[in-house]
Each structure stands twice: as structure tokens, then as C-alpha cells.
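Shown next, in C-alpha cells, is the structure this report addresses.
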Amino acid sequence: MSDCDLYPLQVLTVPTAPYPDQRPSTSGLRKKVFVFQSRRNYLHNFIQSIFSSIDLRDRQGSTMVVGGDGRFFNQTAIDVIVQMAAANGVGRLIIGHHGLMSTPAISCVIRKYKAIGGIILSASHNPGGPDGDFGIRFNTANGGPAKEDVTNKIFQISRTIEEFAICPGLRVDLTTLGKQTFDLENKFKPFTVEIVDSVESYANLLRNIFDFAALKELLSGENHIKIRLDAMHGVVGPYVKKILCEELGCPANSAINCVPLEDFGGHHPDPNLTYAADLVDSMKDGQYDFGAAFGGDGDRNMILGKHGFFVTPSDSVAVIADNIFCIPYFQHTGVRGFARSMPTSTALDRVAKATKIELYETPTGWKFFGNLMDAGRLSLCGEEHFGTGGDHIREKDGLWAVLAWLSILATRRQSVEDILRDHWRKYGRNYFTRYDYENVDVDAACEMMEDLEIMIADKSFVKQRFAVEDKIYQVEKADNFEYTDPVDSTISRNQGLRIIFSDGSRIIYRLSGTGSSGATVRIYIDSYEKELIFEDTQVMLASLATIALKISQLHHRTGLSGPSLIT
């Protein structure tokens, strides 16, 4: 019991004024830390808007889950959320030990405890620390990101909010596992906070999906492989230590950067070739057979083979799909469908066609996959931004993807590179890259996209030919991608400009909303080769990249001379 058993805690209603900029994107509300710190009640307003978006009858006495990736401001935000949850009639909060819980684990815990939702405190792969980013996201009862009707409701409430409810005297101890109860004035039942081991429920879920005995043999048996795992000082470090090292027998020194830090050690917790360069370098001399890096909140992953052989996320999901019965879970459930986000390469489509399994092409955003999973139509999905997952939860899941790959290695007893080369021989190869232009002036970016759309919408654009050196590309189709959800028929428009050429190559332009300042323009280039050509990706795609920049006039329109990031 808490120290407030002697008297009930006071619930206050505090007047406030709305902010116009609290529209949650696909990944929730993301801003610089100083925005949350310096704007009066900025955090309180958004949290109240989340609670107010839930019908009072559903909220009263309900269970919710709270956790974060440990970035700076995590603790402060949790203290406020606890005080406001109590004042808003929530009956029980389940919080990760020290306030830490990976995004996949939060999805797992929401589903396990049948909570009405959860609040995730993370800005995902964006930098942390006092000068970095902070984010708040609401996941619903299925464990996945809130759909657009919910986020729209939260935004509308945030624009007219006049007051919020809070219990300022409530103090919770995040360091001690177990239940803490609090009596509140005018509440019949006490408010309960349960601090849980955030790894255990999730580890248990994985034990029921994979063959841990086979994985243990692969990682610590007689002919074991050597692996290198980089948690990038994100929340997934304790999960890697517990599951891969303690349970599956990896040497402790095979897992690096496993202590979660508020600023991720001063690095970008984004598992790609640029930001996980230390891992890439450590793989080059060939002493490790397999390498992986994880994003700040544990949802993203990067897979490497010996000598730093890079597996693109688009190829990763295609290889898992082609070897899906190496995972016991799918032997039991069967395979209901595959899905990828529209910008992701079409490598998965070829596996789906060969295996006669339904393939869904969705907008970017895991909520679209979640809807298909809830309807029993989808088993495996992925997106090019280092996200892969199954229907065990409703989030992308970095550790799940790594165990999926290790299951394939355990079954096939081949190297990562040999598995990929076999895959390309069987299906052909998609060369894929993405150029990110970050912190672009918002008006300039929007104008460029509008002009681009007008250009490609013109009937004369189809059948146009573009020549670069000896290559000629003819436009077969061009549009602004629109998705009709096969489950509930909702339509999502303006999901990215697509130019598809007669050989199947694609150029895609998107404005991304997951940064905290300026706009990010993303160009995706995807080209298919049936015959195996072992050529560098950037060399293979140079002609299409030239065409993409020529059509958009991007450098001229934005004043940028080149991309901030190439993946």
C-alpha cells in the first residue's frame, strides 16, 4: 500500500488553453524536448486529449499500459500520465520497471492483460537527450497504433481543450516491482499501479513462437555460430541480454550497447548502415557470422551477414516469407497473407505469387497491417524502413525478426549471404534504395509535391520515355497512391506519388511526417533484375536516381545539394 492510505488524494480540474499543433502523425506526437518543457501544459493537454477521446464508460475502471524507450523526459512524462490517468477514472496502470518497455512488449502486454490501450513514450529512431526529440503515441486495445479516426478525434479535442484533470499529490515508485494502490477522493475503488518486469511477458510470447532448443543449439551448441548484436543504447538492451544471452546462450560480449541511455550515447538509435556503422565495421573482418542492430524503442532491425553483408529490409521480409515454416508458430497457424508498405520493394510480391498467398500493398504505417491481422487476413509483413513483424502482436518487432532469421539459419545451416543468393537465383533480385532529404522548408516541399502531382497526373505523362546513357525507361503508370482497406472499406488518399515504368521499376516520392522539425522528402527507387548481376545497388540504380531528380527538380526546389541519408 502507498503512503496515502490515511487520506484520499485530491483530484483537481485545471484550466488550460489549446495548442494548434498537436496533430498526431503515423507515429504519434513528436516534438523537440524543449517544446514539451517550455510550453505551459503542452504535455498535459495532449495526455488529456488522449483520455477524453476514450468514452467515459470504457475508461472508468479500465486497464492501460504505459512504457517508454528511456529517452530524456520519459520519467517526467510518466509521472504526469499516472496522475492524470487516476484523475480520469482509469482503474489500473501497468508500467514497465523503471518506466522502460519496448514498443513490441507494450503491444504484447496490452493484448495479454486485455487493456483498453497503452501510451508509448518514444520518438522511435529519432535522437534523444535534452536537445533531442520526444514522442507520445496511443495504441488501442488490439495493441497497435490508433487508427486515423482515433488520432483525428485526439487532435480535435486538443484544439478546443479548456481543462484537464490531475491528481498532483500522487507519487508512484517505478523502481519497485509489484502493486501500489492509491485512494482518491470521490472514487469508490482505489487506483492501482502495477510495476512489471517488462521483458518477461514478451519473452514468454517468443518462447511460444520459436523453437528455443534449436536456437540454443545454433548459438551455443557444438557447431555454434558467432553473432554480434547492437542494442544502440535503446530499450531493447535488457531484452537482448535476457533472451539471447541468458536464455539462448550467446556469450555476454556478443551483445553491445545494451544499457538504455537517455541520449542513446549521443547517437541516432536508427538501425541502418549509417547510424549503426560501429556494428558494420565490427562485422567486416569476418569473425561474426550474423549481426543485427535494433532501433531505440525495439521495433526496428537491421540484419547483416558475415563481412557485413547487408540484407535490405525489403529482401529480409521476402526471405522470411519464403522460409516461413522454419518458424514453428506458422506450422501451427498456417499463413493467411503477406503485406508490405507501398514504397517497399516488390521482392515479397514474387514470393506471394509463387506460394499462392494473398499479398496486400498498404500505405506506410503499421496500423494498416494491424487491421488486416485483426481480420485474420495477414501473417507476415514488412516495410523498407527496417520494420518486420508477424501477427503475434500489432507492431513491428526487431527481436522477433532476428529470431526469425536465426530460425532460418538453424534450419538451413547456410550463411546469410548464401541464403540471399539462393533467393535471388530463385526469384530474381530487387535493387532498392531510399534517399532522405531532411529538414526541408515545409512550403517548398509541399509546393514541389503539388507540382509533381500535376505533372504526373497529365495524360501525356504516361508513355513518356526517359533516357540515361544506354538505358530507356517508359512510364506505364503514374498516380498518387490510394488505398481502400479490404476489411472496413476506409479510403486513405495521398499516400505517395508513384511512377511505374514498363520494366516494373518504380520511383516513389513521399513527404514524411515523423520528424520533429521541417519536412522530410523521401525518394524510393526500386528496380527488378531477373538475371543475377552482382553489382553495387547505387551503381545499378544510378540511371533511375538521375531521372527521379530530373522529374522532381528536387535539388533546385529545396536548395539542397544532396540527401542527408541514403539507405
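Values below: all heavy atoms of this structure, side chains included; hydrogens, waters and symmetry mates excluded.
Aromatic rings of Tyr275 and His268 (six-membered ring for Trp) have centroids within the 6.0 Å cut-off, being under it. Between Phe368 and Tyr483, the distance separating the two ring centers is shorter than 6.0 angstrom. Taking the six-membered ring wherever Trp is involved, the centroid distance between the rings of Phe210 and Tyr329 does not fall below 6.0 Å.
Aromatic ring pairs are classed by plane angle as parallel below 30°, tilted from 30° to 60° and perpendicular above 60°; the pair Tyr427 and His423 is tilted.
At least one donor-acceptor pair under 3.5 Å links the side chain of Ser220 to the backbone N or O of Lys216. In this structure, the side chain of Lys241 engages the main chain of Ala252 through a donor-acceptor pair within 3.5 Å. Thr411 contributes a side-chain N or O that, together with a main-chain N or O of Ser407, makes up a donor-acceptor pair within less than 3.5 Å. Checking side-chain atoms of Arg300 against main-chain N and O of His385 turns up a donor-acceptor pair under 3.5 Å. Panel note: side chain Asn74, backbone Gly99; a donor-acceptor pair is recorded below 3.5 Å. With Thr346 contributing its side chain and Asp349 its backbone, the two residues share no donor-acceptor pair below 3.5 Å. Under the 3.5 Å distance criterion, the side-chain polar atoms of Ser379 are matched with a main-chain donor or acceptor of Arg336. For Ser107 (side chain) and Arg394 (main-chain N/O), a donor-acceptor pair under 3.5 Å exists by modelled atom type. Formation of a donor-acceptor pair under 3.5 Å by the Lys367 side chain with backbone atoms of Pro145 is not found in this model. For Asn139 (side chain) and Ile106 (main-chain N/O), no donor-acceptor pair under 3.5 Å exists by modelled atom type.
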Salt bridge (charged side-chain N to carboxylate O under 4.0 Å, His left out) between Arg377 and Glu358, worked out: CA-CA 8 Å; Arg377 295 191 183 200; Glu358 187 79 29; over 6 Å; no

Can you list the steps and then say if Arg506 with Glu361 is a salt bridge (charged side-chain N to carboxylate O under 4.0 Å, His left out)? CA-CA 14 Å; Arg506 302 182 306 153; Glu361 181 182 34; 3.7 Å; yes

If you apply the rule side chain to side chain contact (heavy atoms under 4.5 Å, CB included), what do you find for Met342 with Thr362, and how did you get there? CA-CA 6 Å; Met342 180 273 285; Thr362 73; over 6 Å; no

Assess whether side chain to side chain contact (heavy atoms under 4.5 Å, CB included) is satisfied between Ile327 and Phe325, documenting all intermediate values. CA-CA 5 Å; Ile327 302 167; Phe325 295 116; over 6 Å; no

Intermediate values then yes/no, salt bridge (charged side-chain N to carboxylate O under 4.0 Å, His left out), Asp69 and Arg71: CA-CA 6 Å; Asp69 60 13; Arg71 65 179 57 234; 3.0 Å; yes

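For Glu482, the CD atom is densely surrounded, since the number of other residues' heavy atoms within 6.0 Å is greater than 12.
The heavy-atom pair separating Asp289 from Val416 by the smallest distance is O-CG2, 4.2 Å. For the pair Ile110 and Gly118, the tightest heavy-atom approach, listed with the atom from each and the gap, is CD1-N, 3.6 Å. When all heavy atoms are compared, the tightest approach of Val199 to Tyr239 is CA-CE2, 3.7 Å. Between Ser124 and Asp297 the shortest heavy-atom distance is OG-OD1, 3.6 Å. Minimum heavy-atom separation, Pro104 to Lys396: CG-O, 3.6 Å. When all heavy atoms of Leu348 and Ala339 are compared, the pair lying nearest together is CD2-O, 3.4 Å.
When the options Val82, Ile95, Ile94 are evaluated for a side-chain contact (heavy atoms from CB on, under 4.5 Å) with Val66, the one that passes is Ile95. Tested against Glu384, the residues Arg434, Arg510, Arg340 include a single salt bridge (Lys or Arg N to Asp or Glu O under 4.0 Å) partner, Arg434.
For residues 98-117, the set of pairs meeting the salt bridge (charged side-chain N to carboxylate O under 4.0 Å, His left out) definition, not counting sequence neighbours, is empty.
With sequence neighbours excluded, the residues forming a side chain to side chain contact (heavy atoms under 4.5 Å, CB included) with Tyr288 are Lys226, Arg228, Met283, listed by chain and number.
Of the inter-residue distances, the one linking Asp322 atom CG with Phe338 atom CZ reads 8.0 Å to the nearest 0.5 angstrom.
In summary, the side chains of Asn204 and Ser201 do not present any donor paired with an acceptor at a separation below 3.5 Å, with no hydrogens or angles considered. With no hydrogens or angles considered, a side-chain donor-acceptor pair links Gln414 and Asp422 at under 3.5 Å. Under 3.5 Å, the side chains of His97 and Asp197 contain no donor-acceptor pair of N or O atoms.
Taking a cutoff of 4.0 Å between a charged side-chain nitrogen and a carboxylate oxygen, Asp418 and Arg412 do not qualify as a salt bridge.
For the pair Arg350 and Tyr528, the cation-pi test (distance below 6.0 Å, angle within 45°) is passed.
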